[in-house]
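One structure is given here, and the rest of the page talks about it.
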Amino acid sequence: MQKLYEGKSKIVYKGEDDKTCIISYKDTATAGNGAKKEDLPGKGRLNAAISNLIFEYLAENGVKTHLVKVLSETSVLAKIAEIVQVEVIVRNVAAGSFSKKYGVPEGTSLKNTVVEFCLKSDELGDPMINDCQLTAIGIATQEELDELKSAALKIDSLLTSLFMKAGIRLIDYKLEFGKADGEIILCDEISPDSCRLWDADTDKKLDKDRFRRDMGGVIEGYEEVLKRLKEALGK
Ligand code: 5GP
């Protein structure tokens, strides 16, 4: 396979034609923009399985995504898209950088869903950026940003109810979008690497914060998420 790009947690290869690519999930875990790095056997398989279940559920509910088909336990065929250089962060409960920045204790439910934009730049540490700044530097148009926001809110209502059924609190997460055939589609992954997921009864963390905060039991947390999502989806 011809490698097109290697990122921190995935490798992208050439696909079946010039409209598709193969995305392969790695076992590598990184945090702090790559400062902390470790191999966690099984992580790639678990993230692929979780993200595929979520992308299929979203597609069934009218969300356009890059997923074409699942190829193996760790790889998918995806539409090639021109990635919008914006990370869309969605928050239902205060945690992480939001709690630090605004002094809101972790675990505080937010009165409305928060959608934030960050510039997708490892070099700059993905800084938060507003609509006005994004349009000013030509990263996206206001229409595109409005579309990202409404897609994020639709995804949030679908995901919140899915995770609730799985006995999991969907705290916050990151989405990435791209443009393909003139449409904005959901890209990248939705997995415990990119979401904060807490057990609904105990608030036990089942996501990458276990790795970021040296809590141990990372793979066990991801396994629990997969098991519960399968049950919630009847799969
Ligand atoms: P925070 O802003 O609190 O660091 O992150 C908010 C949410 O977005 C968390 O669920 C976190 O996992 C996710 N997130 C933010 N930036 C990134 C990123 O660069 N990569 C990944 N995988 N997730 C991110």
Side-chain angles (χ1 to χ4, degrees), residues 8-11 22-31 36 38-63 65-78 89-93 95-96 106-107 109 113 152 154-176 186-235:
K8 291 190 284 257
S9 61
K10 293 190 283 299
I11 304 175
I22 294 167
I23 301 175
S24 173
Y25 287 72
K26 303 199 290 188
D27 284 341
T28 318
T30 64
K36 183 171 148 80
E38 213 175 291
D39 224 40
L40 297 176
K43 187 181 81 86
R45 176 184 59 79
L46 289 163
N47 275 349
I50 292 166
S51 193
N52 293 341
L53 283 177
I54 292 175
F55 271 53
E56 283 161 3
Y57 161 79
L58 291 174
E60 281 160 20
N61 287 282
V63 176
T65 85
H66 72 166
L67 180 63
V68 178
K69 66 178 173 194
V70 174
L71 298 175
S72 75
E73 275 198 328
T74 52
S75 67
V76 294
L77 188 70
I89 309 291
V90 185
R91 302 181 189 274
N92 296 305
V93 177
E106 284 211 320
S109 288
T113 303
K154 175 173 181 172
I155 290 167
D156 192 57
S157 87
L158 289 166
L159 289 189
T160 305
S161 66
L162 172 64
F163 277 108
M164 202 184 291
K165 231 171 134 187
I168 291 172
R169 268 177 104 188
L170 177 59
I171 306 296
D172 59 24
Y173 51 101
K174 178 210 44 150
L175 301 172
E176 292 191 24
L186 179 66
C187 295
D188 197 49
E189 68 181 281
I190 301 180
S191 73
D193 264 15
S194 59
C195 303
R196 286 197 173 92
L197 304 167
W198 296 359
D199 179 278
D201 294 327
T202 64
D203 277 351
K204 180 181 173 188
K205 296 183 201 314
L206 303 170
D207 56 66
K208 195 172 157 187
D209 272 352
R210 300 201 71 83
F211 173 73
R212 294 187 188 103
R213 302 182 187 187
D214 297 316
M215 298 168 79
V218 183
I219 291 298
E220 290 78 1
Y222 286 32
E223 272 167 351
E224 185 67 31
V225 172
L226 177 59
K227 183 177 130 239
R228 293 201 204 174
L229 271 184
K230 278 186 177 167
E231 282 165 9
L233 290 163
K235 296 200 173 178

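Side chains are part of it too, since the values below use all heavy atoms of this structure and drop only hydrogens, waters and symmetry mates.
- Proximity of a side-chain donor or acceptor of Arg210 to a complementary backbone N or O of Tyr222 within less than 3.5 Å is not detected.
- The environment of CD in Glu231 is crowded: more than 12 heavy-atom neighbours from other residues, nucleotides or ligands sit within 6.0 Å.
- Residues Lys8 and Thr28 form no side-chain contact, since every pair of their non-hydrogen atoms from C-beta on lies 4.5 Å or further apart.
- Under the 4.5 Å side-chain criterion, counting only non-hydrogen atoms from C-beta, Lys205 is not in contact with Arg212.
- Taking 4.5 Å as the limit, every side-chain heavy atom of Ser9 sits out of range of all side-chain heavy atoms of Thr30.
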Run the numbers on Asp172 and Arg196 for salt bridge (Lys or Arg N to Asp or Glu O under 4.0 Å), then give the verdict.
CA-CA 5 Å; Asp172 59 24; Arg196 286 197 173 92; 2.7 Å; yes

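- Under 4.0 Å is where a charged nitrogen must lie from a carboxylate oxygen, and between Arg213 and Glu106 at least one such pair does.
- Heavy atoms from other residues, nucleotides or ligands lying under 6.0 Å from NZ of Lys204 number 12 at most.
- For the residue pair Ser75 and Ile22, the shortest heavy atom distance occurs at CB-CG2, 4.2 Å.
- Taking each heavy atom of Val90 and Ala152 in turn, the nearest pair found is CG2-CB, 4.0 Å.
- Counting only heavy atoms from C-beta outward, the side chains of Tyr173 and Asp156 approach each other to under 4.5 Å.
- Taking each heavy atom of Val70 and Ser72 in turn, the nearest pair found is CG1-O, 3.6 Å.
- Salt bridge status for Glu224 with Arg228: present, with a side-chain N to carboxylate O gap under 4.0 Å.
- Judged by distance alone, the side chain of Ser51 and the main-chain N or O of Ala48 form no donor-acceptor pair under 3.5 Å.
- Counting heavy-atom neighbours within 6.0 Å of Lys69 NZ, excluding the residue itself, gives a total of 12 or less.
- Across all non-hydrogen atoms, the minimal contact from Leu40 to Ala29 is CD1-CB, 3.7 Å.
- Side-chain atoms of Val63 and Lys154, non-hydrogen and from C-beta on, do get closer than 4.5 Å to each other.
- Heavy-atom contacts from other residues, nucleotides or ligands closer than 6.0 Å to NZ of Lys165 number 12 or fewer.
- The two atoms that bring Leu158 and Tyr57 nearest to each other are O-OH, 2.7 Å, heavy atoms only.
- Each of Ile54, Leu197, Asn47 was evaluated against Ser191; a single residue qualifies, Asn47, per the side-chain contact (heavy atoms from CB on, under 4.5 Å) test.
- For the pair Leu226 and Leu53, the minimum side-chain heavy-atom distance is below 4.5 Å.
- The minimum heavy-atom distance linking Ala166 with Leu229 is given by the pair CB-N, 4.3 Å.
- In terms of modelled atom types and a separation under 3.5 Å, the side chain of Asn92 and the main chain of Thr113 share no donor-acceptor contact.
- Between the side chain of Lys10 and the main chain of Ile23, no donor-acceptor pair closer than 3.5 Å is present.
- Both tests hold for Lys36 against Phe211: distance to the six-membered ring centre under 6.0 Å, angle to the ring axis within 45°.
- No donor-acceptor distance shorter than 3.5 angstrom exists from the side chain of Lys43 to the backbone of Ile219, with no hydrogens or angles considered.
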